[in-house]
2 protein chains.
Amino acid sequence: MGERTAGALSALNLCFSEDFEVTLYRGGMVDKALEWGGGSVETEGAQYRKLAANMRREIEAGEFGNNGRLPSEESLAEQYGVSRGTVRNALALLRANGLVTSRRGTRRVVLGTARTQSFQELLSFTAWARAQGEEPGARTMHSRVRPATVAEREVLQLAAGDEVTEVLRLRLLGRVPVMLERTVYPSRIGAVIERLAADNLSHTEVLDASGVVFADSEHTIDVVAANQTDAQMLGCVEGVGLLREIRRATDPAGVPLLWSEDRFLPGTVSFAVHNSASVSSLARRRGIR
Amino acid sequence: MGERTAGALSALNLCFSEDFEVTLYRGGMVDKALEWGGGSVETEGAQYRKLAANMRREIEAGEFGNNGRLPSEESLAEQYGVSRGTVRNALALLRANGLVTSRRGTRRVVLGTARTQSFQELLSFTAWARAQGEEPGARTMHSRVRPATVAEREVLQLAAGDEVTEVLRLRLLGRVPVMLERTVYPSRIGAVIERLAADNLSHTEVLDASGVVFADSEHTIDVVAANQTDAQMLGCVEGVGLLREIRRATDPAGVPLLWSEDRFLPGTVSFAVHNSASVSSLARRRGIR
DNA sequence: GAGTGGTCTAGACCACTCT
DNA sequence: GAGTGGTCTAGACCACTCA
């Protein structure tokens with residue numbers, strides 16, 4: 001995983017998969033032939049994922065032009081030496097990322113080069129910031145273990161008497177505070193978090209390394225007025241409108257892993273969602289627009 | 001389309017499909033056997049969609065319990081008399097809506113009864129409001145045809161000299177203003193819009209009826225301070241933080257249909273996104289939380 | 001009417017989980 | 001080691017689009 005070609009002006013391309021592949025590539029003449037024409041480099045994983053990554057590269061290299069047409073599924077299958085089913089799996093991935101259309105009766109149309117962010121990036125502020133080429137920062141302001149409230153027991157599926165770890169953390173982009181994060185972990189997860197340094201960049205990555213698997217997450221986005229704490233920590237005026245994101249993540253078995261309320265300074269991030277008749281994808285963006 | 005069973009306490013269930021099926025059902029003993037056990041009622045469409053709708057009903061009826069396990073794909077295939085591929089198509093739909101998990105090696109787990117809203121509801125304020133049981137309102141404050149700006153030509157893929165129709169519209173929920181909408185249509189679409197009454201509830205539905213097909217949309221969400229116009233129209237204080245949603249919709253061929261900037265009063269709506277390793281879905285919600 | 005994507009089938013093998 | 005979901009194949013028919 002993580003093939004890369006040397007070259008200036010490399011762009012970041014995050015594929016859409018569980019074991020999120022990060023693929024660095026450059027703008028110019030891409031080495032696509034390597035993988036498919038010649039000796040099929042390692043790049044383990046499902047064939048359709050590789051196919052999708054490959055086609056994504058072709059699309060972004062303008063192989064079919066913007067608003068151009070893709071070859072038919074049949075011919076793609078022949079070209080790549082796979083069955084039509086595999087081609088369809090790959091195209092479904094691209095479709096989900098908003099790169100191509102799909103309509104019965106006509107060839108698929110290239111929509112553009114939506115740079116969809118990985119699942120990981122939605123959970124991890126640090127992973128996201130790095131992908132943007134920004135320097136992420138974090139400072140834990142407060143952390144303690146206490147009994148779960150009724151709401152928390154409900155959301156985190158805890159029993160009466162269970163404890164949680166609450167963490168208040170300031171997040172920065174290049175030394176500038178942009179977000180205040182209030183997270184509640186079940187004690188099992190919290191035990192891992194409590195051992196970390198106050199400036200640990202990514203709790204998500206630590207948990208990942210500890211074998212915690214994030215599989216699903218729920219995000220709610222709205223506006224909230226800054227309270228006194230927000231204003232103090234973020235350095236803004238009390239009452240100003242902050243972009244709020246409430247996150248809830250579960251493991252593959254549906255067990256809740258965390259519940260968090262994040263408040264962003266206005267103008268620092270935006271959320272982008274691609275939506276189609278069958279699927280959607282969410283991405284966090286830097287700044288407005 | 002639109003089967004329904006009589007009965008109190010009916011809940012709204014919106015299936016995830018292009019020709020969005022709206023399925024009303026009640027909480028109690030559901031008539032699931034009708035469709036699969038007996039004579040397979042009409043309910044046209046793909047089998048896997050029907051299967052998904054059916055399983056969704058079972059899940060929401062608590063057939064497998066919350067956090068329960070689904071039967072294996074094999075046994076589902078046998079039970080419903082379809083191939084495993086069809087079962088997998090159906091389960092992919094449920095997965096996309098965040099109703100079930102999926103992990104190699106173990107049975108699928110019921111996550112809950114996420115009430116995913118249809119694609120249509122994301123585009124149409126009116127459709128969304130109705131689904132919430134609220135009374136939608138609209139008043140066009142301003143409308144005119146003018147040459148497209150450079151930005152608009154870019155976004156709407158217009159040629160130099162092309163014109164657009166700009167519309168400023170106030171949106172209400174039960175007589176209370178909640179959102180101010182600034183939309184720009186290519187003149188081809190705008191021509192339809194201009195003929196409408198100022199209190200026409202749903203431009204989207206009109207366009208739909210005119211044969212305009214919405215296939216994909218892009219949504220960007222952030223916060224913006226209310227300007228003088230916003231404050232006046234929405235009846236809020238200038239400078240207050242508004243939830244902003246920028247929408248861009250295209251037809252199945254990727255041709256842009258509209259570009260809109262919507263500003264919501266704080267506390268009136270929130271956006272909910274379900275995100276998983278492979279897919280996501282977006283929904284608009286009433287109020288905070 | 002030819003071409004295309006949508007749907008469906010019947011099988012196969014594998015990676016993974018759990019007991 | 002048995003069971004499960006993930007992946008892949010090779011075919012088939014249909015609904016739809018477009019020349």
Side-chain angles (χ1 to χ4, degrees), chain A residues 16-19 40 43-53 55 64 68-96 100-110 211 213 215 251-255 276-279, chain B residues 16-19 40 43-53 55 64 68-96 100-110 211 213 215 251-255 276-279:
Chain A
F16 217 70
S17 72
E18 190 122 20
D19 45 346
S40 92
T43 325
E44 86 276 36
Q47 285 203 54
Y48 76 91
R49 290 192 189 281
K50 291 187 266 179
L51 213 178
M55 296 191 61
F64 313 106
R69 301 265 160 152
L70 248 48
S72 73
E73 297 178 353
E74 188 86 43
S75 68
L76 282 171
E78 196 177 352
Q79 180 185 337
Y80 286 116
V82 296
S83 75
R84 192 175 154 222
T86 301
V87 169
R88 283 182 62 78
N89 272 346
L91 290 172
L93 232 50
L94 298 183
R95 178 79 216 283
V100 301
T101 66
S102 84
R103 190 164 49 133
R104 176 147 49 189
T106 59
R107 291 270 182 87
R108 291 171 189 267
V109 175
V110 175
V213 179
D251 76 5
V255 178
S276 71
S278 55
V279 280
Chain B
F16 218 68
S17 71
E18 191 122 19
D19 44 347
S40 91
T43 325
E44 84 275 35
Q47 285 202 54
Y48 76 90
R49 290 192 190 280
K50 291 186 265 177
L51 213 179
M55 295 192 59
F64 313 105
R69 300 267 160 149
L70 248 49
S72 73
E73 297 177 353
E74 187 87 42
S75 68
L76 283 169
E78 195 178 352
Q79 181 185 335
Y80 286 116
V82 297
S83 75
R84 190 173 154 223
T86 301
V87 169
R88 282 182 63 79
N89 272 347
L91 290 172
L93 231 51
L94 299 183
R95 177 81 215 282
V100 301
T101 66
S102 84
R103 190 167 47 134
R104 178 146 50 185
T106 60
R107 289 271 183 86
R108 290 171 190 269
V109 176
V110 175
V213 179
D251 76 4
V255 178
S276 72
S278 55
V279 281

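Quick note: numbers below take in every heavy atom, side chains included, and nothing from hydrogens, waters or symmetry partners. Naming convention: chains lettered A, B, ... in sequence-line order (proteins, then strands); numbering from 1 in each chain.
One interatomic measurement links the two molecules: CG of A/Asp251 to C1' of C/dT17, which rounds to 14 Å at whole-angstrom precision. As rounded to whole Å, 11 Å separates atom P of D/dT4 from atom CG of B/Leu76. In this structure, the CZ atom of B/Arg88 is 18 Å from the P atom of C/dG6, given to the nearest Å. In this structure, CG of B/Asn89 is placed 12 Å from C1' of C/dT9, rounded to the nearest angstrom. As a whole-Å value, the separation of B/Arg107 CZ from D/dG6 C1' is 16 Å. In this structure, A/Gln47 atom CD and D/dA10 atom P are separated by 11 Å, rounded to whole Å. Remark: C1' of D/dT7 and CG of B/Leu91 are 16 Å apart, rounded to the nearest angstrom. Across the protein-nucleic acid pair, A/Glu73 atom CD and D/dG11 atom C1' stand 15 Å apart, rounded to whole Å.
Taking the side-chain contact (heavy atoms from CB on, under 4.5 Å) definition, one finds that B/Asn89 meets it with B/Tyr48, sequence neighbours left out. The side-chain contact (heavy atoms from CB on, under 4.5 Å) check on A/Ser75 picks up A/Pro71, A/Ser72, with sequence neighbours excluded. In this view, B/Arg84 and B/Glu73, B/Arg88 satisfy the side-chain contact (heavy atoms from CB on, under 4.5 Å) rule, not counting sequence neighbours.
For B/Ser83, counting side-chain heavy atoms from C-beta on, the closest listed nucleotide (C/dG6, D/dG6, C/dT9) is C/dT9. Side-chain proximity of A/Ser72 to C/dT7, C/dT4, D/dG5: nearest is C/dT4. The side chain of B/Tyr48 has C/dT7 as its nearest neighbour among C/dG5, C/dT7, D/dC8.
Between B/Thr106 and the options B/Arg104, B/Arg103, B/Arg108, a side-chain contact (heavy atoms from CB on, under 4.5 Å) holds for only B/Arg103.
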Original post:
For DNA chain D, what is the dot-bracket line, given that a base pair needs Watson-Crick (N1 to N3, plus N6-O4 or O6-N4) or G-U wobble (N1-O2 and O6-N3) geometry with both distances under 3.5 Å, and | means paired with another strand?
Top reply: ||||||||||||||||||.
Original post:
How does protein reach along nucleotides 12-19 of chain D, written 5' to 3' as B (base within reach of a heavy atom under 4.0 Å), S (only sugar-phosphate), or - (no contact)?
Top reply: B--BBBS-
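Note that OH of B/Tyr80 is 13.0 Å distant from NZ of B/Lys50, once rounded to the nearest 0.5 Å. Taking CG of B/Leu93 as the reference point, atom CG of B/Leu51 lies at 10.5 Å (rounded to 0.5 Å).
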